[in-house]
Amino acid sequence: QVQLVESGGGLVQAGGSLRLSCAASGRTFSSYAMGWFRQAPGKEREFVAAISRIAFNTRYSDSVKGRFTISRDDAKNTVYLQMNSLKPEDTAVYYCAADPTNSVLTIRTIHWEYDYWGQGTQVTVSS
């Protein structure tokens, strides 16, 4: 089992940047595929970015491609989401998620495929 704690959210002006972090407990972080999702008020949780074990693969939603970068540091048990050129429509609660997998190829983009979730961190982008 793994516990996830997000940090790094906040209020930023449009065009600005934030870096979210998700720290995981446990010794087997490297065996998890990781993902970031977000949920705005009144909307469903949506996929943002995902990264496979050992960062073999990454994937992004079309809405953030070219602006956001997901990365992981297995030595620090942490996954990051660098968010640049932020827009007001990026405003949401951002969640990280973990999926235990044996394959370095596994990428998960659907929320119910993930077993573990953090509590979320609020990102607000002002216009």
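Bear in mind that the values here come from a model prediction, so they are computed numbers and not experimental data.
Between D90 and K87 there is no salt bridge, since no side-chain nitrogen of the basic residue lies less than 4.0 Å from a carboxylate oxygen of the acidic one.
The NE2 atom of H111 sits 11.5 Å away from the CD atom of E46 when rounded to the nearest 0.5 Å. Atom CG in D74 sits 9.0 Å away from atom CD1 in I54 (nearest 0.5 Å). One finds the CD atom of Q1 at 10.5 Å from the OG1 atom of T28 (value rounded to the nearest 0.5 Å).
Atom CD of Q3 has 12 or fewer heavy atoms from other residues, nucleotides or ligands within 6.0 Å.
Considering only heavy atoms from C-beta on, S52 stays 4.5 Å or farther from T106 through its side chain.
Judged by distance alone, with hydrogens and angles left aside, the side-chain atoms of R53 form a donor-acceptor pair with the main-chain N or O of S30 at under 3.5 Å. Distance alone, capped at 3.5 Å, is enough to place a donor-acceptor pair between the R67 side chain and the S85 backbone. A donor-acceptor pair under 3.5 Å is formed between the side chain of E6 and the backbone N or O of Q119.
A disulfide bond (SG atoms under 2.5 Å apart) check over residues 23-52, counting only residues at least two apart or in different chains, returns nothing.
S61 and S63 share a donor-acceptor pair across their side chains, judged by distance under 3.5 Å alone.
Annotation for T124 and Q122: closest pair OG1-NE2, 3.3 Å, computed over non-hydrogen atoms.
Applying the under-4.5 Å side-chain rule to Ile, Leu, Val, Met, Phe, Trp and Tyr, the cluster around L81 extends to V2, L4, V12, L18, L20, F29, Y32, M34, W36, V48, I51, Y60, V64, F68, I70, V79, M83, L86, Y94, Y116, V123, V125.
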